[in-house]
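Because only heavy atoms are used, hydrogens play no part in the values below, and waters and symmetry mates are left out as well, while side chains stay in.
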Amino acid sequence: MNDAHELDAVGLLCPLPVLKARKRLQKLSSGDLLIIAADDPAAVVDVPHFCTEAGHVLVSADTSGPIQRYTIRKG
């Protein structure tokens, strides 16, 4: 089973959630999961775009509440 890591980006505005995710993902092994909690309205666009550009997989995105949760699998 792959390790799951968490990043609390609540209270951070664009582009900080993606920048912090990039930094955390650099330390992880391929296939590891990073779960991001964010409340930045721009994250709904920024996180999927970041995954596509960086070669990661956006496993899930729960944007239904005030705190969004994104699960990324490192490519």
Side-chain angles (χ1 to χ4, degrees):
M1 189 85 193
N2 292 319
D3 291 335
H5 303 268
E6 296 198 21
L7 171 64
D8 181 1
V10 175
L12 302 178
L13 297 177
C14 177
L16 288 176
V18 167
L19 293 176
K20 289 191 174 285
R22 175 180 290 133
K23 188 172 183 177
R24 284 291 294 275
L25 283 161
Q26 288 175 344
K27 299 176 183 177
L28 303 183
S29 298
S30 182
D32 283 354
L33 297 176
L34 177 64
I35 301 167
I36 305 170
D39 60 352
D40 178 15
V44 73
V45 173
D46 292 347
V47 172
H49 179 73
F50 162 69
C51 290
T52 300
E53 293 296 313
H56 306 302
V57 176
L58 181 60
V59 176
S60 67
D62 179 2
T63 59
S64 60
I67 305 295
Q68 307 148 21
R69 291 183 62 82
Y70 303 92
T71 302
I72 298 172
R73 183 178 313 281
K74 181 174 179 175

Inset, instruction - Answer with yes or no whether the hydrophobic clustering places Val18 together with Leu58; edges join I, L, V, M, F, W, Y residues whose side-chain heavy atoms lie under 4.5 Å apart. - result: yes
Inset, instruction - For residues Ser30 and Gly75, report the shortest heavy-atom separation together with the two atoms involved. - result: OG-O, 3.3 Å
Legend entry - ILVMFWY cluster, Leu33 and Val57 together (side-chain gap under 4.5 Å): yes
Inset, instruction - Locate the shortest heavy-atom distance separating Leu12 from Asp39; write the atom from each residue and the value. - result: N-OD1, 4.2 Å
Legend entry - Name of the residue among Glu6, His5, His56 meeting side-chain contact (heavy atoms from CB on, under 4.5 Å) with Leu34: His5
Inset, instruction - Test Tyr70 against Thr63 for side chain to side chain contact (heavy atoms under 4.5 Å, CB included), laying out the working first. - result: CA-CA 8 Å; Tyr70 303 92; Thr63 59; 3.7 Å; yes
Inset, instruction - Supply the atom-to-atom distance Asp32 CG to Lys27 NZ, rounded to the nearest 0.5 angstrom. - result: 13.5 Å
Inset, instruction - State, to 0.1 Å, how close Leu25 and Lys74 come at their nearest heavy-atom pair, and which atoms those are. - result: O-NZ, 2.7 Å
Inset, instruction - Taking all heavy atoms of Val44 and all of Gln68, pick out the closest pair and write down the distance. - result: N-OE1, 4.0 Å
Legend entry - Interatomic distance, Ile35 atom CD1 to Thr71 atom OG1 [nearest 0.5 angstrom]: 4.5 Å
Legend entry - Separation of Asp8 CG from Lys20 NZ (nearest 0.5 Å): 10.0 Å
Inset, instruction - Kindly give the heavy-atom pair with the smallest separation between Asp46 and Cys14, and that separation in Å. - result: OD2-SG, 3.1 Å
Legend entry - Any donor-acceptor pair under 3.5 Å from Asp62 side chain to Ser64 backbone: yes
Legend entry - Atom of Arg69, atom of Ala37 and distance for their closest heavy-atom approach: NH1-CB, 4.1 Å
